[in-house]
Amino acid sequence: MLDDQALMQALNSTPVVDDRRQDLWGDDHDVDTWAREHGGLGGDEERRWLRTARDALQAVEWGASAEPDLGRVLAGVRKVPQVGASGVEWHLEVEPGRRLAVELVLAWADVKERMPGRLRPCGNPECRLFLLDRSRANTARWCSMKTCGNRLKARRHQARVRESDRP
């Protein structure tokens with residue numbers, strides 16, 4: 001199964017660089033590399049499902065509805081228990097090309113259940129990244145204090161200075 005880090009890599013695969021949205025999964029080779037690093041096979045079908053799952057999860061986190069796409073990714077999937085020497089293990093029953101996309105959705109659902117309210121978009125409206133707030137107070141607002149946080153704080157400070165300079 002995919003972990004929180006893999007989920008965040010997938011969600012954050014469409015950053016804004018130099019004021020332009022990039023798609024780190026736009027190149028088939030890059031998606032295949034990510035998929036293989038996470039136990040996938042690579043290939044057209046897996047890439048299609050991964051991009052569909054990623055786009056749907058991003059849409060949900062941005063507040064849009066993505067039920068049809070998530071429903072397609074999860075259609076007919078079953079988790080089946082298997083008893084082994086170490087206890088009960090759960091195995092996915094899904095065709096190989098869709099398995100990693102299903103695991104991505106399940107990793108997202110797991111984070112939403114274990115850490116409610118902790119996965120959210122960056123507070124910078126110009127940023128397309130997401131953060132998983134692990135702070136005790138659950139008050140993180142930016143994907144990175146170094147980039148988005150400092151930038152927005154500097155803009156607010158400059159606006160206050162301009163306001164105070166007006167007669």
Side-chain angles (χ1 to χ4, degrees), residues 1-40 46-74 77 98-167:
M1 280 306 242
L2 294 177
D3 60 11
D4 298 356
Q5 183 178 355
L7 170 65
M8 296 310 292
Q9 287 171 347
L11 287 175
N12 288 332
S13 62
T14 57
V16 173
V17 178
D18 297 326
D19 297 325
R20 295 176 62 194
R21 181 179 177 212
Q22 308 290 312
D23 186 350
L24 304 180
W25 284 8
D27 180 82
D28 290 349
H29 174 74
D30 294 336
V31 183
D32 286 345
T33 298
W34 186 91
R36 287 187 186 108
E37 287 173 357
H38 295 91
E46 187 170 65
R47 284 191 298 270
R48 255 190 328 276
W49 283 115
L50 280 170
R51 287 175 177 138
T52 297
R54 181 227 23 210
D55 294 348
L57 294 175
Q58 286 178 334
V60 168
E61 289 303 318
W62 282 106
S65 174
E67 288 176 34
D69 288 335
L70 287 176
R72 282 192 1 252
V73 171
L74 297 173
V77 173
R98 194 162 41 122
R99 182 189 56 79
L100 202 54
V102 169
E103 286 187 14
L104 184 60
V105 173
L106 293 176
W108 170 77
D110 178 61
V111 164
K112 298 296 273 187
E113 184 178 321
R114 281 186 300 112
M115 300 161 55
R118 301 274 180 163
L119 175 62
R120 57 182 164 267
C122 178
N124 178 354
E126 298 166 5
C127 182
R128 291 201 37 91
L129 299 181
F130 298 86
L131 64 117
L132 185 55
D133 187 352
R134 297 180 187 275
S135 71
R136 177 179 283 178
N138 193 22
T139 56
R141 296 176 55 195
W142 302 287
C143 63
S144 165
M145 186 60 192
K146 188 183 285 185
T147 54
C148 289
N150 281 342
R151 217 175 272 152
L152 288 176
K153 285 183 173 190
R155 285 181 194 160
R156 282 199 307 262
H157 173 72
Q158 291 166 354
R160 282 193 305 270
V161 168
R162 280 192 298 272
E163 283 294 317
S164 67
D165 287 344
R166 289 188 180 161

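These figures come from a predicted structure and were not determined experimentally. Any value given below was found using the heavy atoms of this structure, including those in side chains, with hydrogens, waters and symmetry copies removed.
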Practice item. With sequence neighbours excluded, give me every ring pair (Phe, Tyr, Trp, His ring centres under 6.0 Å) pair touching residues 117-141. Key: Trp62-Phe130
Review point. Within the distance-only criterion (no hydrogens, no angle test), does the side chain of Arg98 pair as donor or acceptor with the backbone N or O of Trp49 below 3.5 angstrom?
Key: no
Check your understanding: With sequence neighbours left out, what residues match Glu103 under salt bridge (charged side-chain N to carboxylate O under 4.0 Å, His left out)?
Key -> Arg99
Point to revise | Any residue meeting side-chain contact (heavy atoms from CB on, under 4.5 Å) with Ala109, in chain and number order, not counting sequence neighbours | key: none
**Study point:** Partners meeting side-chain contact (heavy atoms from CB on, under 4.5 Å) with Arg136 (sequence neighbours left out)
**Key:** none
Exercise for review: Measure the spacing between CZ of Arg72 and CG of Leu74 and express it to the nearest 0.5 Å.
Suggested key: 11.0 Å
Exercise for review: Indicate yes or no: at least one non-hydrogen side-chain atom of Gln58 is less than 4.5 angstrom from one of Arg128.
Suggested key: yes
Point to revise | Set of side chain to side chain donor-acceptor pair (under 3.5 Å) partners for Trp25, sequence neighbours left out | key: none
Check your understanding: Are there more than 12 heavy atoms of other residues, nucleotides or ligands under 6.0 Å from atom CZ of Arg20?
Key -> no
Point to revise | CG-CG distance between Leu100 and Leu2, expressed to the nearest 0.5 angstrom | key: 5.0 Å
Revision key, fill the gap. d(Leu7 CG, Leu57 CG) to nearest 0.5 Å is 7.0 Å
Practice item. Only counting residues at least two apart or in another chain, list the ones meeting side chain to side chain donor-acceptor pair (under 3.5 Å) with Asp23. Key: Arg54
Point to revise | Pairing of Lys112 and Glu61 as salt bridge, 4.0 angstrom limit | key: yes
Check your understanding: So, the side chain of Asn12 versus the backbone of Leu129: is there a donor-acceptor pair under 3.5 Å, distance only?
Key -> no
Exercise for review: Might you point out which heavy atoms bring Ala6 and Asp3 nearest each other, and give the distance in Å?
Suggested key: N-OD1, 2.9 Å
Practice item. Test side-chain contact (heavy atoms from CB on, under 4.5 Å) on Glu46 and Leu50 and set out the steps. Key: CA-CA 6 Å; Glu46 187 170 65; Leu50 280 170; 3.9 Å; yes
**Study point:** Under the side chain to side chain donor-acceptor pair (under 3.5 Å) test, residues paired with Thr139 that sit two or more places apart
**Key:** none
**Study point:** Sequence-distant partners of Arg48, salt bridge (charged side-chain N to carboxylate O under 4.0 Å, His left out), two or more places apart
**Key:** none
Check your understanding: What heavy-atom pair brings Pro121 and Leu131 nearest, and what distance separates the two atoms?
Key -> O-CD2, 3.9 Å
Point to revise | Side-chain donor-acceptor contact under 3.5 Å, Thr14 with Gln22 | key: no
**Study point:** Listed partners of Ala56 passing side-chain contact (heavy atoms from CB on, under 4.5 Å), at least two apart
**Key:** Ala66, Asp69, Leu70
Exercise for review: Can you measure from CH2 (Trp142) to SG (Cys127) and round to the nearest 0.5 angstrom?
Suggested key: 12.0 Å
Check your understanding: Arg141 versus Arg120: any side-chain heavy-atom pair under 4.5 Å?
Key -> no
Point to revise | Qualifying residues under side-chain contact (heavy atoms from CB on, under 4.5 Å), relative to Leu132, sequence neighbours excluded | key: Asp4, Met8, Val111, Met115, Arg118, Leu119, Arg134
Revision key, fill the gap. Residue pairs meeting salt bridge (Lys or Arg N to Asp or Glu O under 4.0 Å), one or both in residues 29-38, sequence neighbours left out, come to Asp32-Arg47
**Study point:** Pairing residues for Asp55 by the side chain to side chain donor-acceptor pair (under 3.5 Å) criterion, not counting sequence neighbours
**Key:** none
